[in-house]
Amino acid sequence: MSTPDTFTPDVVVVGAGLAGLVATHELALAGKRVLVLDQENRANLGGQAWWSLGGLLFVDSPEQRRMGITDSFDLAWQDWQGSAQFDRLGDGTDGPGRGEDHWPRRWAEAYVRFAHEEKRDYLRALGLRSLPFVGWAERGDGRALGHGNSVPRFHLTWGTGPEVVRIFAEPVERAEASGLVRFAFRHRADELVVEDGAVVGVRGTVLAEDSSERGVKSSREAAGSFEHRAPAVVVTSGGIGHNHELMRRSWPTERVGPAPEHMISGVPAHVDGRMQGIAVDAGATMVNKDRMWAYVEGIHNWDPVWPDHAIRILPGPSSMWFDATGRRLEGMSGVPGADSIGAMKQILAAGHDYSWFVLTQSIIEKEFALSGSEQNPDITGKDLKFLAQTRLAKGAPGPVEAFKEHGVDFVVADTLGELVTGMNALARGPQLDAEALEREIVARDREVTNDFSKDVQVMAIHNARRSRTDKLIRVAKPHRILDPAHGPLIAVRLNILSRKTLGGLETDLDGRCLAADGAPVPGLYAAGEVAGFGGGGVHGYNALEGTFLGGCIFSGRAVGRALARQARR
């Protein structure tokens, strides 16, 4: 349904995901009229953020300090730069000689300061709370100046992704009730209206009504057209994660390895990247297109919502990791949860697009978590009793056990020979040699009898258990993989799943889209994943995790406040 002609917006926001909600919230606070367009129905309000685990990176938080973690802006900024590896800085200006990393690096420093000084208070004032345990994601590549978090910084939202969405959706919906905000769902943007070099509106297709549930692939049947105008248009349309063709077109083959033939989707079908090209046609610039964040621990969802629905395993460090040929992954990137891109390089270098975890029942019970709000009903539902039953009781959490029982990527066996037979039945590539696999496992098992080791993975396990969170609830006590007391044995075929776009529309610190010469495109702004979460690639080559939702919040807030200031001048 089109919006009434009597509503004349100050700003049109394209995309009702998290970044769009944050920008709309800030604009409504300033008394601005906002029209929000989205190609999906109202059930999808909040976009991909709703499906997320709700992890947020804070720096030197009270939760960190209570867990005995010493953090600082300097340490976090060191980690961010080591992970981002910004190397496209150009001549240091913001003109034609600027490099693709000029604005991303400025956004990155501003974001880390936000995470240190403002982010937690800003979100708590809106009602968000975090669990007291701080997780340690992307533990690093083993270098102080390299990739990874030096300390745990992953703060899990009490209520997961739906709660992150709620704290912005509710005030926006109140602004809708008061007449400041209008939503136009099932409105697909096809063109940005440009007049005299300025973006002045949006044209597109009104899609047929579709009452599909959240995340379900919806109809693209046209039912009409629209044109809406405003002094400013903010693009917050998300990334390209379900557009595998577009991903493969920009895949960094020389840096990472060949694009995977078999890829599963960690985001719904509507995450299609259409608005990137539409914004470029209106004068914006895309940068860092070859940077993307695909995970290597993907499993097929046995109860899917969208096509090729993938779930990521959030692993602790103890599972043994083998490529498709049976070679054990090396170094810190061979430690689960340490170095995502480094692991991908090793996996793809073997000539195949999958790998294997080999673990025990003791490990899966303590170390396997699954991404997604729907896979963590205890935390999503804010149910303390359920949380105690699922996280502290013996046995793996119910959703993990369900995947072990029903998931097509899982093999469970009492002996290694039986396990390898099952793995070979699932293999999309070479058959594994049981003797070679046993030799690697036995060698690693000999290393766990002491509190010290030369095996990098065993060292990483001991280091992890010095973290209070990891020792209590996240990392299993070191034990022999082939010890029957810790059985049965479990193997998991790990697939590559699409998730986040790290490159995007180039923006300055106010979120203004930039033309090829570095000048702002009048009237055009971008925030969230379509802008590489700020600047066109705030994460650089790697992500520290807990930074995607935070990037949507920070960039959406920046755009909303910049437009509010501009209107006041």
Side-chain angles (χ1 to χ4, degrees), residues 53 55-87 104-105 107-120 130-156 293 295 314-318 330-343 367 369 452-453 455-475 502 533 538-551 554:
L53 190 59
L56 292 163
L57 179 144
F58 298 133
V59 177
D60 191 27
S61 69
E63 290 81 9
Q64 285 177 297
R65 293 193 291 271
R66 281 195 292 268
M67 297 303 293
I69 299 163
T70 301
D71 201 3
S72 66
F73 168 81
D74 289 339
L75 183 60
W77 181 225
Q78 173 179 295
D79 287 346
W80 194 289
Q81 292 179 93
S83 296
Q85 300 167 27
F86 295 124
D87 59 1
R105 189 184 185 282
W107 270 93
E109 184 171 6
Y111 177 73
V112 176
R113 289 197 184 280
F114 174 65
H116 179 231
E117 298 172 0
E118 296 183 71
K119 182 179 176 184
R120 183 177 181 275
S130 301
L131 290 174
F133 302 106
V134 184
W136 197 354
E138 286 296 297
R139 298 161 190 249
D141 63 8
R143 300 174 297 141
L145 291 174
H147 167 57
N149 286 293
S150 299
V151 298
R153 296 191 177 104
F154 191 88
H155 295 68
L156 185 56
W293 195 246
Y295 290 109
L314 305 172
S318 301
E330 298 177 346
M332 279 300 297
S333 58
V335 178
D339 178 11
S340 292
I341 299 299
E367 296 197 7
F452 45 87
S453 171
D455 186 289
V456 170
Q457 183 180 19
V458 177
M459 287 191 286
I461 294 167
H462 288 308
N463 187 44
R465 284 176 60 85
R466 293 189 179 98
S467 161
R468 294 176 190 172
T469 297
D470 279 355
K471 187 169 185 178
L472 283 171
I473 62 172
R474 197 70 177 99
V475 180
L502 299 191
F533 301 89
V538 69
H539 298 93
Y541 289 100
N542 295 281
L544 289 176
E545 297 286 16
T547 55
F548 298 131
L549 296 178
F554 183 57

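Just so it is clear, the model here is predicted, and its values are computed rather than measured.
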The test is side-chain contact (heavy atoms from CB on, under 4.5 Å); show your working for Trp293 and Ile341 and say whether it passes. CA-CA 8 Å; Trp293 195 246; Ile341 299 299; 3.4 Å; yes
Among all residues two or more places apart in sequence or in another chain, which pass the side chain to side chain donor-acceptor pair (under 3.5 Å) test with Asp455? Arg328
Pairs flagged by salt bridge (charged side-chain N to carboxylate O under 4.0 Å, His left out) wherever residues 539-551 is involved - sequence neighbours left out: Arg312-Glu545
Taking all non-hydrogen atoms of both residues, which atom of Leu549 and which atom of Gly55 are closest, and how far apart? CD1-O, 3.9 Å
Do Phe533 and Tyr111 pass the side-chain contact (heavy atoms from CB on, under 4.5 Å) test, and can you show the C-alpha distance, the side-chain angles, and the key distance before you say yes or no? CA-CA 10 Å; Phe533 301 89; Tyr111 177 73; over 6 Å; no
List the residues meeting ring pair (Phe, Tyr, Trp, His ring centres under 6.0 Å) with Trp107, not counting sequence neighbours, and say none if there are none. Phe554
Return the set of residues passing side chain to side chain donor-acceptor pair (under 3.5 Å) with Ser467 (not counting sequence neighbours), or none when no residue passes. none
Hey, would you say the Phe548 and His539 ring centroids sit under 6.0 Å apart? yes
Close side-chain approach of Val112 and His116, heavy atoms under 4.5 Å: no
Could I get the full list of side chain to side chain donor-acceptor pair (under 3.5 Å) partners for Glu367, not counting sequence neighbours? Ser318
Does Glu117 have any salt bridge (charged side-chain N to carboxylate O under 4.0 Å, His left out) partners at least two apart in sequence or in another chain, and if so, which? none
Mind checking what makes ring pair (Phe, Tyr, Trp, His ring centres under 6.0 Å) contact with Phe86, not counting sequence neighbours? none
Is there a side-chain contact between Phe154 and Leu314, using heavy atoms and a 4.5 Å cut-off? no
Mind checking whether Thr70 and Val151 have side chains closer than 4.5 Å, heavy atoms only? no
Are Leu502 and Tyr541 close enough, and set up right, to give a side-chain contact (heavy atoms from CB on, under 4.5 Å), and what steps lead you there? CA-CA 8 Å; Leu502 299 191; Tyr541 289 100; over 6 Å; no
Which distance, rounded to the nearest 0.5 Å, do you find between the CE of Met332 and the CG of Asp339? 8.0 Å
What distance separates Gln457 CD from Glu330 CD, expressed to the nearest 0.5 Å? 12.5 Å
Quick one: does Ser83's side chain have a donor or acceptor within less than 3.5 Å of a partner on Ala543's backbone? no
Under 3.5 Å, is there a donor-acceptor pair between the side chain of Trp77 and the main chain of Glu109? no
If you define the side chain from C-beta out and look only at heavy atoms, does anything of Pro317 sit under 4.5 Å from Arg474? no
Could you pull out all residues at least two apart from Arg139 that satisfy salt bridge (charged side-chain N to carboxylate O under 4.0 Å, His left out)? Asp470
Atom CG of Asn542 and atom OG1 of Thr547: how far apart are they, to the nearest 0.5 Å? 10.5 Å
Check whether Gln85 reaches the backbone of Gly540 with its side chain - one donor and one acceptor, N or O, closer than 3.5 Å. no
Compare every heavy atom of Ala464 with every heavy atom of Val475, then report the nearest pair and how far apart it is. CG2-CB, 4.0 Å
Residues in side chain to side chain donor-acceptor pair (under 3.5 Å) with Gln81, at least two apart? Arg105
Name all residues meeting the ring pair (Phe, Tyr, Trp, His ring centres under 6.0 Å) criterion together with His155; count only those two or more places apart in sequence or in a different chain, and write none if there are none. Phe58
For Ala115, enumerate each residue passing the side chain to side chain contact (heavy atoms under 4.5 Å, CB included) test, keeping only those at least two apart in sequence or located in another chain. Leu57, Val59, Lys119
Report the distance from atom OG1 of Thr469 to atom CD1 of Ile473, rounding to the nearest 0.5 Å. 6.0 Å
Does the pair Leu544 and Trp80 meet the rule for a side-chain contact (heavy atoms from CB on, under 4.5 Å), with working shown? CA-CA 7 Å; Leu544 289 176; Trp80 194 289; 3.8 Å; yes
Does anything in residues 62-78 pair up under salt bridge (charged side-chain N to carboxylate O under 4.0 Å, His left out), and if so which pairs, sequence neighbours excluded? Asp60-Arg65, Glu63-Arg66, Glu63-Arg120, Asp71-Arg153
Can you tell me how far the NE2 atom of His147 sits from the OG atom of Ser333, to the nearest 0.5 Å? 10.0 Å
Find the distance between CG (Asn149) and CH2 (Trp136) and round it off to the nearest 0.5 Å. 9.0 Å
